[in-house]
Amino acid sequence: MRIFVSIVSYCDPVLPFTLERAVATASAPERLHFGVVEQSPAGGTSLPRPGTARLTPLHIDARDARGPCWARALAMTLYDGEDWFLQLDSHMDFDPGWDERLVAAASALGAPQRGLAISSYPNAFLFGGGV
């Protein structure tokens, strides 16, 4: 089961952390495909290599950005037929096994036989330990 993870960012310095944590805490990072639309000044952020996960980045100069909905539409074009689609913000943290837990929760609700969307407002988090 492959998961497409759509992430859009506008000048967000937390984006590399989000990618690193998503990969580090996934039960099966090799099943992840990150489609990242980064809207930032020329040159962009240095995105971390996601190990065995796939990364498809798209950089847009911040001056050319047209808002989050436009960027999310661009990110959707990076989808490559994965079994699951997860849309995130660029400033997120993850619990261990988040990928398997998310698929299990969706499956318990009847997916993929019936269409559904799981939505929530994630908890805030603080950086600690020098991060």
Side-chain angles (χ1 to χ4, degrees):
M1 267 191 268
R2 298 176 310 138
I3 302 173
F4 177 74
V5 183
S6 169
I7 302 176
V8 301
S9 171
Y10 182 81
C11 301
D12 190 346
V14 182
L15 174 60
F17 168 84
T18 297
L19 286 170
E20 288 172 354
R21 287 286 294 170
V23 171
T25 57
S27 295
E30 68 278 4
R31 295 181 185 169
L32 303 177
H33 173 200
F34 294 94
V36 178
V37 176
E38 181 192 10
Q39 303 166 101
S40 63
T45 304
S46 178
L47 298 179
R49 297 202 184 273
T52 58
R54 180 176 166 199
L55 172 63
T56 306
L58 176 60
H59 181 265
I60 307 292
D61 192 287
R63 295 174 296 184
D64 298 323
R66 295 193 200 151
C69 294
W70 174 77
R72 290 198 189 284
L74 289 177
M76 291 173 79
T77 69
L78 305 175
Y79 171 77
D80 192 26
E82 290 81 11
D83 304 297
W84 300 92
F85 187 107
L86 175 62
Q87 180 176 286
L88 299 177
D89 287 331
S90 57
H91 38 268
M92 305 288 290
D93 196 3
F94 299 83
D95 287 333
W98 66 267
D99 52 335
E100 285 185 353
R101 293 171 52 204
L102 183 64
V103 169
S107 297
L109 294 171
Q113 290 78 23
R114 62 181 211 144
L116 70 104
I118 297 175
S119 178
S120 73
Y121 195 80
N123 292 330
F125 65 92
L126 299 174
F127 289 108
V131 178

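By convention here, the first residue in the shown sequence is residue 1.
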Please tabulate, one pair per line, all N/O donor-acceptor pairs under 3.5 Å involving side-chain atoms of residues 17-29, not counting sequence neighbours.
unit_1	atom_1	unit_2	atom_2	d
T18	OG1	V14	O	3.4
T18	OG1	S90	O	2.7
T18	OG1	M92	N	3.0
T18	OG1	M92	O	3.3
R21	NE	D93	OD1	2.6
R21	NH2	D93	OD1	3.1
R21	NH2	F94	O	3.0
T25	OG1	R21	O	2.6
T25	OG1	W98	NE1	3.3

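Hydrophobic clustering of Ile, Leu, Val, Met, Phe, Trp and Tyr side chains at less than 4.5 Å, counting indirect connections, keeps L88 apart from F85. Linking ILVMFWY residues whenever their side-chain heavy atoms come closer than 4.5 Å, directly or via other members, places W84 and V5 in the same cluster. Under the 4.5 Å side-chain heavy-atom criterion for grouping Ile, Leu, Val, Met, Phe, Trp and Tyr, I60 is not connected to Y10 through any hydrophobic cluster. Both L15 and L32 are part of a single hydrophobic cluster, where members link through side-chain heavy atoms under 4.5 Å apart.
Contact detail for G67 and Q39: the closest heavy-atom pair is O-OE1, 4.1 Å. Across every non-hydrogen atom of D83 and R2, the tightest pair is OD2-N, 2.7 Å.
Note: L86 CG to S6 OG = 8.5 Å, rounded to the nearest 0.5 Å. Residue I7 holds its CD1 atom at 11.5 Å from CG of L78, rounded to the nearest 0.5 Å. Here the OG1 atom belonging to T56 is positioned 10.0 Å from the CG atom belonging to L58, to the nearest 0.5 angstrom. In this structure, L47 CG and F34 CZ are separated by 11.0 Å, a value rounded to the nearest 0.5 Å.
Residue pairs meeting the salt bridge (Lys or Arg N to Asp or Glu O under 4.0 Å) criterion with at least one member in residues 28-42, sequence neighbours excluded, do not occur. For residues 70-80, the salt bridge (Lys or Arg N to Asp or Glu O under 4.0 Å) pairs, not counting sequence neighbours, are R54-D80, R72-D89.
Residues I3 and E82 have side chains not in contact (no heavy-atom distance under 4.5 Å, counting atoms from C-beta outward). C11 has its side chain within reach of P41: a pair of non-hydrogen atoms, C-beta onward, lies under 4.5 Å apart.
Using bins of under 30°, 30° to 60° and over 60° for the plane-to-plane angle, the ring pair Y79/F4 lands in the perpendicular bin.
With sequence neighbours excluded, no residue forms a ring pair (Phe, Tyr, Trp, His ring centres under 6.0 Å) with H59. Scored by the salt bridge (charged side-chain N to carboxylate O under 4.0 Å, His left out) test, R49 finds no partners at all (sequence neighbours excluded). Residues satisfying the side-chain contact (heavy atoms from CB on, under 4.5 Å) criterion with P68, sequence neighbours excluded, are absent altogether.
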